[in-house]
Amino acid sequence: MNSRSLVLAALLSAAAAAWAQYPDKPVTIVVPFAAGGPTDKVARDLGEVLRKGLNNQPVIIENVGGAGGTLGAAKVAKAAPDGHTVLLHHIGMATAPALYRKLPYNVLEDFEFVGMVNEVPMTLVGRSTLPANNFAELRTWINSNKGKVNLANAGLGAASHLCGLLFQQSLAVEMTTVPYKGTGPAMTDLLGGQVDIMCDQTTNTTQQIEGGKVKAFAVTTPKRLSTPALAKLPTLDESGLKGFNVTIWHALYAPKGTPKAVTDKLNAALKGALKDAEFIKRQEALGAVVVSDNRVNGADHKKFVEAEIAKWGPAIKAAGQYAD
Ligand code: ASP
């Protein structure tokens with residue numbers, strides 16, 4: 001071996017040794033929505049168990065809300081690819097490319113896909129003072145208040161935006177959308193009666209529905225849910241919006257170029273978390289289902305995201321909604 005090869009070999013083995021110690025400082029999960037919302041809740045619950053597989057390093061949650069989740073995703077796309085900054089995002093990874101003319105990242109090229117966490121249904125909820133008590137009454141109220149209904153969402157590209165868009169299309173009614181940095185603050189305003197209705201993940205709505213703080217009208221999945229607080233809710237499909245089907249998923253991503261040793265460790269920590277009885281129980285109580293199929297692997301999750309982009313892109317483009 002010549003001296004150049006020796007130096008290279010030494011550098012490579014030093015790099016491998018460095019990654020073997022990963023993580024040697026706290027890991028930050030960027031949540032691209034405000035604190036207190038469903039993505040934030042999943043991240044905080046996940047962070048607690050994830051650390052067990054990450055040398056017990058603290059897992060810090062950083063909320064970077066705004067622009068439907070694209071600001072937080074852009075931040076992670078540009079972060080150092082060392083596994084100390086990762087992204088917990090949702091279906092917005094697949095819908096943003098169709099919504100933004102100038103998305104500051106390429107979903108399929110600028111991230112390492114670590115794996116999927118859970119699937120979460122959405123619920124259609126309204127302020128407690130709405131005169132409607134079921135979906136049929138809500139529909140009548142919406143039709144007689146055309147142009148006046150305020151629909152909260154977390155910005156263009158958010159799950160609540162996608163669901164609200166499909167809802168307006170299905171009813172052929174346009175509503176005034178009120179964007180927030182996440183559905184955490186949107187829920188605060190719904191509770192306060194400043195907005196009328198919202199679609200949101202069950203991870204954010206179940207407790208409010210249980211406590212009678214919001215009115216719940218339907219679930220967005222093709223089948224009714226088994227979670228006790230939600231089991232009575234009809235599906236939008238059976239309520240007359242045939243074929244309505246929106247299920248949200250959450251997943252972990254690292255910046256492109258993060259070494260495989262690091263993404264492998266993150267993936268192993270994720271798999272450990274998804275088998276954690278307490279985490280599974282907490283998710284189930286909020287209507288979420290922890291992933292138990294091969295989408296927990298980065299490569300399989302990436303194929304799933306490609307299919308989701310192909311599925312949602314045409315529907316979103318047909319709705320003619322764009323942002324720069
Ligand atoms: N549920 C939100 C959404 O509409 C995001 C959040 O606040 O977690 O995408």
Side-chain angles (χ1 to χ4, degrees), residues 29-47 61-76 86-100 103 107 116-126 150-168 175 177-191 195-209 214 216 219-221 230 246-253 282-283 286-288 305 308-309 312 316 319 321 323:
I29 298 183
V30 171
V31 170
F33 297 103
T39 313
D40 180 67
K41 283 182 187 144
V42 171
R44 284 174 202 274
D45 279 355
L46 182 68
I61 307 301
E62 185 186 349
N63 298 91
V64 185
T70 60
L71 297 184
K75 179 167 183 169
V76 176
V86 296
L87 173 70
L88 183 89
H89 205 346
H90 64 20
I91 195 167
M93 281 297 260
T95 57
L99 285 162
Y100 286 82
L103 196 61
V107 170
M116 195 156 133
V117 179
N118 63 9
E119 287 186 292
V120 193
M122 297 191 100
T123 43
L124 176 65
V125 291
N150 287 323
L151 170 70
N153 71 23
L156 219 68
S160 46
H161 168 257
L162 173 69
C163 180
L165 187 67
L166 298 177
F167 184 56
Q168 291 174 84
M175 300 174 195
T177 48
V178 186
Y180 292 82
K181 286 192 172 175
T183 46
M187 177 60 87
T188 306
D189 274 9
L190 192 73
L191 294 173
V195 285
D196 298 317
I197 54 173
M198 168 166 81
C199 268
D200 201 12
Q201 284 102 305
T202 57
T203 35
N204 199 33
T205 60
T206 305
Q207 280 163 355
Q208 308 295 0
I209 294 170
V214 294
V219 294
T220 62
T221 42
L230 309 171
V246 182
T247 300
I248 304 312
W249 40 266
H250 295 94
L252 273 182
Y253 308 87
R282 281 177 70 81
Q283 292 293 293
L286 297 174
V305 173
E308 286 282 276
I309 291 173
W312 293 113
I316 292 168
Q321 295 230 339

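Counting starts at 1 for both ligands and their atoms, following the listed order. Note: hydrogens, waters and symmetry copies are ignored here, and every other heavy atom, side chains too, is used. Bear in mind the structure is a predicted one, so any value in this text is a computation, not a measurement.
For ligand 1 and Ala158, the ligand atoms under 4.0 Å from any heavy atom of the residue are 3 (C), 4 (O), 9 (O). Near Gln201, with a cut-off below 4.0 Å to any heavy atom, the atoms of ligand 1 are 1 (N), 2 (C). When each atom of ligand 1 is checked for a heavy atom of Ser160 under 4.0 Å away, the hits are 3 (C), 4 (O), 9 (O). Taking every heavy atom of Gly182 and a limit of under 4.0 angstrom, the matching atoms of ligand 1 come to 7 (O).
The protein heavy atom nearest to atom 8 (O) of ligand 1 is Thr39 OG1, 2.6 Å. Protein heavy atom at the shortest distance from atom 2 (C) of ligand 1 is Thr183 OG1, 3.1 Å. Protein heavy atom in closest approach to atom 9 (O) of ligand 1: His90 NE2, 2.6 Å.
Looking at Asn153 against ligand 1, nothing comes within 4.0 Å, counting heavy atoms. With a 4.0 Å heavy-atom cut-off, ligand 1 is reached by no atom of His161.
In this structure, Pro38 is part of the shell of residues with a heavy atom less than 4.0 angstrom from ligand 1.
The pair Arg44-Asp40 meets the salt-bridge criterion, with a side-chain N (NZ, NE, NH1 or NH2) lying under 4.0 Å from an Asp/Glu carboxylate O.
Here the side chain of Thr39 pairs no donor or acceptor atom with the backbone of Val31 at under 3.5 angstrom. Judged by distance alone, with hydrogens and angles left aside, the side-chain atoms of Thr123 form no donor-acceptor pair with the main-chain N or O of Cys199 at under 3.5 Å. At distances below 3.5 Å, at least one donor-acceptor pair connects side-chain atoms of Asp196 with backbone N or O atoms of Asn150. Put simply, the side chain of Tyr100 gets close to the backbone of Ala67: a donor and an acceptor are under 3.5 Å apart. In terms of modelled atom types and a separation under 3.5 Å, the side chain of Thr202 and the main chain of Leu286 share a donor-acceptor contact.
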Please walk me through it: do Trp312 and Leu166 pass side chain to side chain contact (heavy atoms under 4.5 Å, CB included)? CA-CA 11 Å; Trp312 293 113; Leu166 298 177; 3.6 Å; yes
Residues Thr183, Ser160; criterion side chain to side chain donor-acceptor pair (under 3.5 Å); working and verdict: CA-CA 8 Å; Thr183 46; Ser160 46; 5.5 Å; no
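For ligand 1, one of its N or O atoms has an N or O atom of Ala159 under 3.5 Å away.
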